[in-house]
Amino acid sequence: MNKVILVGRLTADPELRQTQSGIASCRFTVAVDRRFADKTTGERQADFISCTAWRQTAEFVSRYFNKGKLIAIEGSLRNNNYQDRNHPDVTHYTMDVQVDNVEFVGGKGDNGGSGGGYQNGGGYGAPQNNYNNNYSAPPQQPAANDSMSYGNLSDFEEILSDGDVPF
């Protein structure tokens with residue numbers, strides 16, 4: 001499986017270009033913070049990841065994102081090897097993220113919107129929420145007594161040590 005999910009900030013405005021056949025492409029670099037800070041300085045270091053988007057995804061990125069904005073991308077890692085023009089015996093090895101989906105990250109102060117994005121082949125996505133939209137309240141039961149019943153507590157025994165617990 002080749003799947004990449006990144007959240008970071010654009011290091012520059014995306015470059016929108018057209019191929020000779022009129023297909024839109026967009027190259028940009030995302031700065032992604034590493035999980036841990038440098039022990040000596042206490043600063044977090046970042047990795048700079050090259051990304052390429054195509055067609056409607058490319059147009060979406062170039063229209064709605066610019067330098068410094070938070071972006072979430074989903075795609076796959078691509079190997080782009082090529083021969084050096086000046087030295088034919090030298091091969092350059094590069095890795096790029098081929099972007100499939102893009103989403104906004106953060107609030108209005110960060111990038112002009114929250115949630116949503118462009119999904120390759122699927123139009124604009126709905127805002128992403130951390131709650132279940134299909135929630136329905138439990139059915140109301142008639143209150144026979146205001147106090148809650150916990151059952152018979154004598155059915156349980158107290159565990160004095162966790163030596164017998166299998167995990």
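Atom set for the values below is all heavy atoms of this structure, side chains included, hydrogens, waters and symmetry mates excluded. Bear in mind that the values here come from a model prediction, so they are computed numbers and not experimental data.
- Note that CG of L10 and NZ of K67 are 10.5 Å apart. Values are rounded to the nearest 0.5 Å.
- Within the model, atoms CZ of F48 and OG1 of T29 stand 9.0 Å from one another, a figure rounded to the nearest 0.5 Å.
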- Task: Just do the ring pair (Phe, Tyr, Trp, His ring centres under 6.0 Å) check on F28 and F65 with the steps written out, would you?
- Result: CA-CA 10 Å; F28 55 95; F65 291 93; 8.1 Å; no
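- Nearest heavy-atom pair, Q18 versus G22, reported as atom, atom and distance to 0.1 Å: OE1-O, 2.8 Å.
- Closest of all the heavy-atom pairs between Q83 and P88 is NE2-O, 2.7 Å.
- In terms of modelled atom types and a separation under 3.5 Å, the side chain of R78 and the main chain of D96 share no donor-acceptor contact.
- Pairing each heavy atom of N79 with each of T94, the nearest pair is OD1-O, 3.3 Å.
- Once rounded to the nearest 0.5 Å, the distance linking CD1 of I49 with CG of L6 reads 6.0 Å.
- The distance from the CG atom of N2 to the CG atom of L77 is 5.5 Å, given to the nearest 0.5 Å.
- Nearest heavy atoms, V4 versus S76: CG2-C, 4.1 Å.
- Between the side chains of R17 and S25, no donor N or O sits under 3.5 Å from an acceptor N or O.
- No salt bridge links D33 with R9; every basic N to acidic carboxylate O contact stays at or beyond 4.0 Å.
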Are M95 and N80 close enough, and set up right, to give a side-chain contact (heavy atoms from CB on, under 4.5 Å), and what steps lead you there? CA-CA 6 Å; M95 298 298 276; N80 297 318; over 6 Å; no
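- A distance of 7.0 Å separates CD in Q98 from CG in D100, rounded to the nearest 0.5 Å.
- At a threshold of 4.0 Å, the pair R44-D38 does not count as salt-bridged, since none of the basic side-chain nitrogens sits closer than that to a carboxylate oxygen.
- What you find for V102 and I73 is that their closest heavy atoms are CG2-CG2, 4.4 Å.
- Relative orientation of the Y82 and H92 rings is parallel, given thresholds of 30° and 60° on the angle between their planes.
- Environment of CZ in R85: sparse, with no more than 12 heavy atoms of neighbouring residues, nucleotides or ligands closer than 6.0 Å.
- C26 contributes atom SG, which lies 10.5 Å from atom CH2 of W54 (distance to the nearest 0.5 angstrom).
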